[in-house]
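Sequential numbering from 1 along the given sequence is applied to the chain's residues.
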Amino acid sequence: MKRKNRVPVYLLTSLLFAFSAFLVSDRLSASKESPLSHVESYKIYYDAPTPAIIDEMSEYDAMVIEPFYYTSEQIEEIRKNGTLVYGYINTMEADQWNKPLFRKLKEEDFFVRNSKRVYYEEWDSYLTDITSPHYQQVMADEVQKQIIDKGLDGAFLDTVGNIDNEHGGDPQVLHEQREGLTDWLTLLKDRHPDLSLIQNWGFDTLATASSPYVDGIMWEGFHFNDVVYDEWAQNQIYKLRKVREADGVEVLTVSHQQPGESKGLSTANRFKHYHEPTNYNEW
């Protein structure tokens with residue numbers, strides 16, 4: 001559907017969000033302060049680095065990387081100017097390409113629906129069961145190996161949104177998966193109290209379960225037209241702002257379309273925005 005008067009609507013919407021954000025303000029005295037609170041620039045890059053790329057990474061406030069490709073020495077070089085480095089951890093899926101990790105999993109670690117594993121053809125991965133104690137231990141060991149031992153500041157927990165997307169139709173399973181997630185996050189925090197965590201999607205899971213454990217939530221696909229005209233998205237913005245106010249969880253948005261308008265809408269809500277015009281494997 002074509003929408004007329006797009007620019008005036010955008011301006012009005014941005015002003016309304018900015019005004020409401022001003023009313024809410026940053027009253028975080030009762031909540032934790034996220035290490036991401038001072039981040040203004042960040043970038044996501046999932047390919048192997050070059051020395052030139054590593055040098056440029058150190059100019060960002062924060063980086064999200066695939067730690068599989070990095071040594072501890074390279075991480076130290078990225079962090080030389082104070083850059084926060086977060087490593088990708090596929091939390092709710094098992095990638096078949098990651099053979100060393102995949103071989104550690106047992107049948108109980110996969111989520112089974114109608115007697116079959118849930119398979120994602122696009123990613124060649126399987127939905128996992130975060131309630132499995134064995135899976136929790138495997139993933140905690142993976143965080144140790146890829147994040148802690150290499151000296152990263154934190155972990156970027158991808159696919160947490162699968163909890164909402166896959167289990168929203170079954171309240172009992174949804175509750176169990178959220179409890180499993182918080183059990184695993186508790187395990188991580190017990191082992192590594194200073195470990196910083198960013199969760200990808202799973203906004204309802206954040207609000208009901210994981211907000212005390214994470215420092216940031218990422219909203220990939222934060223495109224102006226997809227957000228500003230959508231009632232569900234507007235409700236999520238309101239919800240995320242309330243979580244930010246209550247628990248100090250910073251909101252990071254990512255767009256691949258409409259860079260100016262998407263950033264304007266994000267910053268009007270005091271979120272932190274990043275625009276990626278190509279893909280995460282392009283520097």
Side-chain angles (χ1 to χ4, degrees), residues 1-28 31 33-46 56-57 59-64 82-84 86 156 158 160-161 164 198-204 206-207 211 214-283:
M1 179 187 300
K2 292 185 178 179
R3 301 177 178 87
K4 298 181 179 179
N5 301 323
R6 175 171 147 190
V7 173
V9 169
Y10 160 63
L11 292 174
L12 176 61
T13 304
S14 294
L15 288 172
L16 287 173
F17 278 126
F19 179 66
S20 56
F22 171 76
L23 293 178
V24 172
S25 76
D26 286 333
R27 299 187 302 273
L28 295 177
S31 65
E33 182 179 12
S34 168
L36 296 162
S37 60
H38 303 295
V39 167
E40 295 183 4
S41 63
Y42 74 96
K43 184 175 174 65
I44 304 170
Y45 182 66
Y46 289 152
E56 291 180 22
M57 284 180 173
E59 300 303 317
Y60 287 88
D61 294 329
M63 284 293 312
V64 179
T83 301
L84 296 174
Y86 290 80
F156 173 67
D158 196 22
V160 174
D164 292 353
I198 301 174
Q199 173 180 318
N200 196 17
W201 275 77
F203 306 142
D204 289 329
L206 178 79
S211 64
V214 303
D215 298 308
I217 178 85
M218 184 175 288
W219 185 333
E220 289 185 282
F222 191 89
H223 306 140
F224 179 81
N225 275 355
D226 294 340
V227 174
V228 76
Y229 300 108
D230 185 82
E231 182 179 359
W232 177 87
Q234 294 300 313
N235 289 335
Q236 299 311 308
I237 287 177
Y238 176 73
K239 184 182 302 179
L240 291 176
R241 285 175 49 189
K242 290 194 65 167
V243 173
R244 181 179 184 271
E245 175 70 13
D247 294 324
V249 178
E250 294 291 339
V251 183
L252 290 74
T253 56
V254 183
S255 67
H256 305 286
Q257 305 169 13
Q258 300 175 281
E261 292 171 311
S262 300
K263 181 178 180 179
L265 183 59
S266 176
T267 56
N269 285 281
R270 299 191 179 182
F271 299 162
K272 301 174 185 297
H273 191 70
Y274 161 59
H275 180 76
E276 174 51 64
T278 54
N279 60 72
Y280 301 142
N281 294 92
E282 296 285 341
W283 183 259

Expected output: side-chain D61 to main-chain E40 donor-acceptor under 3.5 Å
yes
Atom NZ of K242 with >12 non-hydrogen neighbours under 6.0 angstrom
no
Quick check against the 3.5 Å criterion: does D226 have a side-chain atom that pairs as donor or acceptor with the backbone of F222?
no
Please find the pair of heavy atoms, one from N281 and one from N279, that lie closest to each other, and give the distance.
N-OD1, 2.8 Å
Is the H256 ring parallel, tilted or perpendicular to the Y280 ring (thresholds 30°, 60°)?
tilted
Counting distance only, does the side-chain N/O of D247 pair as donor-acceptor with the main-chain N or O of S211 below 3.5 Å?
no
Charged N to carboxylate O below 4.0 Å: is that the case for R244 and E250?
yes
Just to verify, what does F156 make a ring-ring contact (aromatic ring centres under 6.0 Å, His included) with, not counting sequence neighbours?
none
Does a side-chain heavy-atom distance below 4.5 Å link V243 with I217?
no
Quick one: closest heavy-atom pair of Q257 and H223, and the distance?
N-CD2, 3.5 Å
Intermediate values then yes/no, side-chain contact (heavy atoms from CB on, under 4.5 Å), W201 and D158
CA-CA 8 Å; W201 275 77; D158 196 22; over 6 Å; no
When you measure from the side chain of K272 to the backbone N and O of S37, does any donor-acceptor pair fall under 3.5 Å?
yes
Could you walk me through whether W219 and Q236 satisfy the side chain to side chain donor-acceptor pair (under 3.5 Å) test, starting with their C-alpha distance in whole Å, then the side-chain angles of each, then the deciding distance to 0.1 Å, before giving a yes or no?
CA-CA 10 Å; W219 185 333; Q236 299 311 308; over 6 Å; no
Atom CD of E261 and atom CG of N225: how far apart are they, to the nearest 0.5 Å?
6.5 Å
Measuring only between side-chain heavy atoms, which start at C-beta, is L265 closer than 4.5 Å to V227?
yes
Take the angle between the ring planes of Y42 and Y274 and call it parallel below 30°, perpendicular above 60°, tilted in between.
tilted
Minimum heavy-atom separation for H273 to V254, with atom names?
CE1-C, 4.0 Å
Check: V249 main-chain N/O paired with S34 side-chain donor or acceptor under 3.5 Å:
no
Would you say the side chains of H275 and S255 form a donor-acceptor pair under 3.5 Å?
yes
Looking at every non-hydrogen atom in both residues, tell me the closest pair between T253 and S266 and how far apart they are.
OG1-OG, 2.6 Å
Judged by atom type as modelled, is there a donor-acceptor pair below 3.5 Å linking the side chain of Q199 to the main-chain atoms of M218?
no
Apply side-chain contact (heavy atoms from CB on, under 4.5 Å) to residues I237 and F271 and explain how you reach the verdict.
CA-CA 10 Å; I237 287 177; F271 299 162; 4.2 Å; yes
Please determine whether the number of non-hydrogen atoms from other residues, nucleotides or ligands lying under 6.0 Å from atom OH of Y238 exceeds 12.
no
Between E220 and N200, is any pair of side-chain heavy atoms under 4.5 Å apart?
yes
Return the minimal non-hydrogen interatomic distance between K43 and E282, and the atom names on each side.
NZ-O, 4.0 Å
Please report the shortest heavy-atom distance between S41 and Y60, naming the atom on each side.
OG-CA, 3.7 Å
With heavy-atom distances below 4.5 Å as the criterion, would you say the side chains of E56 and M63 are in contact?
no
Pair V251-R270, side-chain contact (heavy atoms from CB on, under 4.5 Å): steps then yes or no
CA-CA 8 Å; V251 183; R270 299 191 179 182; over 6 Å; no
Do F203 and L240 have side chains that get closer than 4.5 Å, going by heavy atoms?
yes
